[in-house]
A.B. asks: 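Take this structure first; my questions come after.
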2 protein chains.
Amino acid sequence: MARTQGSHSEITGPRVREAALQLFAKHGYAAVSMRRIASEVGVQAGALYNYTPDKQALLFSLLRGHMDDLLAARAELRDAGGALVRLERFVRFHIAFHLERPEAVFISYMELRNLEPENFAVIEGLRREYEGQLEAILRQGAAEGVFDVSDAKIAALAVIAMLTGVTTWYRSGGRLSVPEVQQIYWTMVRKAVAA
Amino acid sequence: MARTQGSHSEITGPRVREAALQLFAKHGYAAVSMRRIASEVGVQAGALYNYTPDKQALLFSLLRGHMDDLLAARAELRDAGGALVRLERFVRFHIAFHLERPEAVFISYMELRNLEPENFAVIEGLRREYEGQLEAILRQGAAEGVFDVSDAKIAALAVIAMLTGVTTWYRSGGRLSVPEVQQIYWTMVRKAVAA
DNA sequence: GTCTATAAGCGGATAGAC
DNA sequence: GTCTATCCGCTTATAGAC
């Protein structure tokens, strides 16, 4: 059967999300218009509203998806053993995961303030859940006597800030490979929390 | 002599900058209108243009001022001696300086993408200058044999990311004082780069 | 130095045709 | 599912009165 006139693609939804991700990362949520996203996708602005009720829901969906992906990927990781190996796994995972999706990482941090309060609370909760996992590893290590951290919560935030910072300078095809970056950061983290 | 009707204040200029700083930090440059800044100051939007040629110049001026303050404050610091004491001074300075002006720190990082290319290049240059100072300290320490960093540039970026991260969680009047925070971070940094 | 008024255009979102 | 057309409020910036 013939399609209705404008039905050009079954995958417009994902393309809308991808275009929004790239544009929000590059210019910021508030600076990107729905018309611009539509233009990137190759449709008119009105068509976007088949895929999102409004602009805010589009932003929230991107951030929510990113945090869900992060926690799901982390949950798939083997996470048994002593604190030292658990920490090493966490560090290498965090770097690899974040370097694979720099745009999502960027907006998940930069656009938090553009979320409406209820949406913000959801993302914040997921973020704290992730931070809590690292904090638990550090506490285990302190109990085992292999780590020496005066404040596990602060140490967890400090380590995450350091690791996430790679996304600000890393360029694929640059001087360092991902495994090299992982090694450099793992060495620094290991020493920083060592007993 | 009587003033002309609307001349209510000699300090409107600084108040415009302060209002813009607070609002840009809270909502983002693109999300804040000139009308909103004017409303915060208590004038009409048109009056703002006595103090800035346009909105972009206002943003650039705030970022430029912050980076100039940072480099000037750092230049006033005694900076002689061995790499270990120089690094300790850098770490304590960085934390204290950044915790004193969280809004300026925030926008200096978040609003870079909203700078026009020439303005961006200026701020980026100042930022690199600051990073270069830490890198030089790390190189000195490596030469002295007191530090072991495989890549001084990466290590400098990692340390700065970790230190600047304090602004995302620190709240004045909270559980930890600034000196306590400085001590915790200095301990981690010292160990992370130690030979 | 500040005001009011206005220009000229872009913003998110919707209605209804196809 | 997409289009065109449109509502209407808000945007930056300027002009000219006081």
Side-chain angles (χ1 to χ4, degrees), chain A residues 1-24 26-63 107 111 113-119, chain B residues 1-21 23-24 26-63 107 111 113-116 118-119:
Chain A
M1 281 305 291
R3 290 260 220 34
T4 52
Q5 180 190 7
S7 187
H8 294 131
S9 169
E10 292 82 25
I11 54 156
T12 302
R15 293 184 62 223
V16 168
R17 293 170 57 82
E18 181 60 24
L21 177 67
Q22 299 296 332
L23 289 169
F24 289 167
K26 188 162 188 182
H27 306 286
Y29 172 76
V32 173
S33 68
M34 295 297 272
R35 281 176 176 79
R36 180 124 180 231
I37 297 170
S39 155
E40 192 75 16
V41 174
V43 297
Q44 293 299 314
L48 297 181
Y49 292 86
N50 290 314
Y51 303 98
T52 180
D54 53 32
K55 194 185 175 189
Q56 167 73 201
L58 181 53
L59 176 64
F60 176 63
S61 166
L62 291 173
L63 268 57
I107 69 168
E111 304 299 353
R113 61 186 168 180
N114 286 309
L115 289 175
E116 287 164 6
E118 322 86 77
N119 292 340
Chain B
M1 280 304 290
R3 290 260 220 33
T4 52
Q5 179 189 9
S7 188
H8 294 131
S9 169
E10 292 82 24
I11 55 156
T12 302
R15 293 184 62 223
V16 168
R17 293 171 57 82
E18 180 60 24
L21 177 68
L23 289 169
F24 289 167
K26 188 161 189 182
H27 306 285
Y29 172 76
V32 173
S33 69
M34 294 297 270
R35 278 178 176 76
R36 180 118 181 237
I37 297 170
S39 156
E40 192 74 17
V41 174
V43 297
Q44 293 299 313
L48 297 182
Y49 292 86
N50 290 315
Y51 303 99
T52 180
D54 55 31
K55 193 185 173 188
Q56 167 74 200
L58 181 54
L59 175 64
F60 176 64
S61 166
L62 291 173
L63 267 57
I107 69 167
E111 303 299 353
R113 60 187 169 179
N114 285 310
L115 289 176
E116 287 165 7
E118 323 87 78
N119 292 339

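All of these numbers come straight from a predicted model, not from anything done at the bench. Hydrogens, waters and symmetry mates are skipped; everything else that's a heavy atom, side chains included, is used.
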A.B. asks: Strictly below 4.0 Å, N to O, side chains only: are Arg113(A) and Glu111(B) in salt-bridge contact?
C.D. replies: yes
A.B. asks: What's the closest nucleotide to the Tyr51(B) side chain, out of dC3(D), dT2(C), dT4(C)?
C.D. replies: dT2(C)
A.B. asks: Rounded to the nearest 0.5 Å, what's the gap from CG on Asp54(A) to CE on Met34(A)? Could you check?
C.D. replies: 7.5 Å
A.B. asks: To the closest 0.5 Å, what do you measure between CZ (Arg17(B)) and CD1 (Ile37(B))?
C.D. replies: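 The CD1 atom of Ile37(B) is 12.0 Å from CZ of Arg17(B), to the nearest 0.5 Å.
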A.B. asks: Has Thr12(B) got a side-chain N or O lying under 4.0 Å from the OP1 or OP2 atom of dG1(C)?
C.D. replies: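 False: Thr12(B) side-chain N/O out of range (4.0 Å or more) of dG1(C) OP1/OP2.
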A.B. asks: In whole Å, I'd like the distance from the CD1 atom of Ile11(A) to the P atom of dT2(D).
C.D. replies: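 Distance, rounded to whole Å: 11 Å.
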A.B. asks: Would you give a per-nucleotide map of nucleotides 7-15 of chain C, 5' to 3', where B means the base has a protein non-hydrogen atom under 4.0 Å away, S means only the sugar-phosphate does, and - means neither?
C.D. replies: ----BBBB-
A.B. asks: To the nearest 0.5 Å, what is the distance between OG1 (Thr52(B)) and CG (Leu59(B))?
C.D. replies: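 Result: 9.5 Å between the selected atoms.
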A.B. asks: Measure the distance from CD on Gln44(B) to P on dT4(C) and round it to the nearest whole Å.
C.D. replies: 5 Å
A.B. asks: Checking Tyr29(B) side chain against Gln56(B) main chain: does a donor-acceptor pair fall under 3.5 Å?
C.D. replies: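 Checking the backbone N and O of Gln56(B) against the side chain of Tyr29(B), a donor-acceptor pair under 3.5 Å is found.
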A.B. asks: Calculate, to the nearest 0.5 Å, the distance between atoms OH and CG belonging to Tyr49(B) and Leu58(B) respectively.
C.D. replies: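 Spacing of OH (Tyr49(B)) from CG (Leu58(B)) equals 9.5 Å.
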A.B. asks: Can you measure Ile37(B) atom CD1 to dT11(D) atom P for me and round it to whole angstrom units?
C.D. replies: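 Rounded to the whole Å, the gap is 11 Å.
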